[in-house]
S.K.: 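Got a structure here, written out as structure tokens. Questions coming.
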Amino acid sequence: MAKVIFLPHETLCPEGMVVDAAEGDNLLDVALDAGIEIEHACDKSCACTTCHVIIREGFDSLNESSEAEDDMLDKAWGLEVDSRLSCQCQIGNEDLVVEIPKYSLNHAREEH
């Protein structure tokens, strides 16, 4: 079982959080199950960038990104070399350190 360490985020998890995850679990589902409400406007279909995260440690233990994910990531706010869409990440057998960016691009968000 891997540990997923979510770094503090001002609104989503101000104290940060550590949760256990099994190999093969979806990273976004792990966050949502822990009460970390990462946006996911496309309902996990790899059609937006609202669930963009930066993997600070453990990046190589995740499944490889698809071409579709890479294309979407090009549109993400604050893109870094270790960026992923959390809806597309399958957790491996190593611990992860995850940073949720301060902003996301959600043109369909209804809460303004």
Side-chain angles (χ1 to χ4, degrees):
M1 188 147 294
K3 292 210 179 299
V4 180
I5 301 156
F6 291 96
L7 297 175
H9 180 279
E10 186 176 318
T11 56
L12 299 179
C13 60
E15 304 296 319
M17 188 177 294
V18 179
V19 295
D20 291 325
E23 188 170 350
D25 282 355
N26 176 277
L27 181 57
L28 177 58
D29 288 338
V30 168
L32 295 173
D33 289 347
I36 302 171
E37 294 295 322
I38 294 175
E39 289 189 59
H40 50 287
C42 72
D43 201 29
K44 308 177 201 171
S45 65
C46 195
C48 73
T49 63
T50 58
C51 71
H52 167 233
V53 295
I54 303 162
I55 309 300
R56 295 295 181 200
E57 292 180 26
F59 184 87
D60 291 336
S61 70
L62 298 171
N63 62 311
E64 288 193 35
S65 61
S66 67
E67 188 174 329
E69 181 183 357
D70 293 339
D71 288 346
M72 287 309 304
L73 277 169
D74 287 339
K75 302 171 186 176
W77 181 90
L79 181 67
E80 294 191 18
V81 74
D82 292 333
S83 288
R84 290 292 304 266
L85 297 180
S86 61
C87 72
Q88 300 300 300
C89 292
Q90 289 180 332
I91 293 173
N93 57 5
E94 292 180 26
D95 293 349
L96 296 177
V97 176
V98 178
E99 179 180 346
I100 304 166
K102 184 173 184 175
Y103 301 107
S104 72
L105 299 175
N106 186 352
H107 301 291
R109 187 175 196 179
E110 295 184 22
E111 306 166 9
H112 297 286

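Heavy-atom basis, side chains included; hydrogens, waters and symmetry copies ignored.
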S.K.: To the nearest 0.5 angstrom, please state how far the CD atom of Glu10 sits from the CD1 atom of Ile100.
M.R.: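 Glu10 atom CD to Ile100 atom CD1 measures 12.5 Å (nearest 0.5 Å).
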
S.K.: With sequence neighbours excluded, what pairs up with Asp20 under the salt bridge (charged side-chain N to carboxylate O under 4.0 Å, His left out) test?
M.R.: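 Asp20: salt bridge (charged side-chain N to carboxylate O under 4.0 Å, His left out) contacts with Lys3.
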
S.K.: Quick one: does Asp25's side chain get under 4.5 Å of Val4's, heavy atoms only?
M.R.: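 Heavy-atom side-chain distance check fails, nothing below 4.5 Å.
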
S.K.: For a 4.5 angstrom cut-off between non-hydrogen side-chain atoms, does Asn63 reach Arg84?
M.R.: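 Asn63 vs Arg84: side chains touch.
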
S.K.: Can any side-chain N or O of His9 pair as donor or acceptor with the backbone N or O of Pro101 at less than 3.5 Å?
M.R.: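 Yes; at least one donor-acceptor contact below 3.5 Å.
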
S.K.: Less than 4.5 Å apart, any side-chain heavy atom of Leu32 and any of His40?
M.R.: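 Leu32 reaches His40 side chain to side chain.
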
S.K.: By the rule that ILVMFWY residues connect when side-chain heavy atoms come within less than 4.5 angstrom, directly or transitively, which residues belong alongside Val81?
M.R.: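 When side chains under 4.5 Å apart are linked, Val81 ends up in no cluster with other residues.
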
S.K.: Quick one: which residue pairs count as a side-chain hydrogen bond (donor to acceptor under 3.5 Å, both in side chains) with a foot in residues 26-38, not counting sequence neighbours?
M.R.: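 Checked against side-chain hydrogen bond (donor to acceptor under 3.5 Å, both in side chains) - neighbours excluded - the pairs reaching residues 26-38 are Asp29-Lys44.
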
S.K.: Without placing hydrogens or testing angles, list every side-chain donor-acceptor pair under 3.5 Å for residues 85-94, not counting sequence neighbours.
M.R.:
from	atom 1	to	atom 2	distance (Å)
Ser86	OG	Cys51	O	2.9

S.K.: For a quick test of reading the model, state the closest non-hydrogen atom pair linking Ala21 to Val30 and the distance between them.
M.R.: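 For Ala21 versus Val30, the nearest heavy atoms are CB-CG2, 3.9 Å.
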
S.K.: Taking side-chain contact (heavy atoms from CB on, under 4.5 Å) as the definition, give me every residue that meets it alongside Ser83, ordered by chain and number, with sequence neighbours left out.
M.R.: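 Result, side-chain contact (heavy atoms from CB on, under 4.5 Å) vs Ser83: His52, Ile54, Leu73, Leu79, Glu80.
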
S.K.: How far does CG of Asp95 sit from CD of Glu57, to the nearest 0.5 angstrom?
M.R.: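 These two atoms lie 9.0 Å from each other.
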
S.K.: How would you list, by chain and number, every residue that makes a side-chain contact (heavy atoms from CB on, under 4.5 Å) with Ile5, sequence neighbours excluded?
M.R.: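 In terms of side-chain contact (heavy atoms from CB on, under 4.5 Å), with neighbours along the sequence ignored, Ile5 is linked to Val18, Val97.
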
S.K.: Leu62 and Met72: same hydrophobic cluster, using ILVMFWY side-chain contacts below 4.5 Å?
M.R.: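 No: no chain of side-chain contacts under 4.5 Å links Leu62 to Met72.
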
S.K.: Quick check for you: to the nearest 0.5 Å, what is the distance between Phe6 atom CZ and Ile36 atom CD1?
M.R.: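 The CZ atom of Phe6 sits 4.5 Å away from the CD1 atom of Ile36.
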
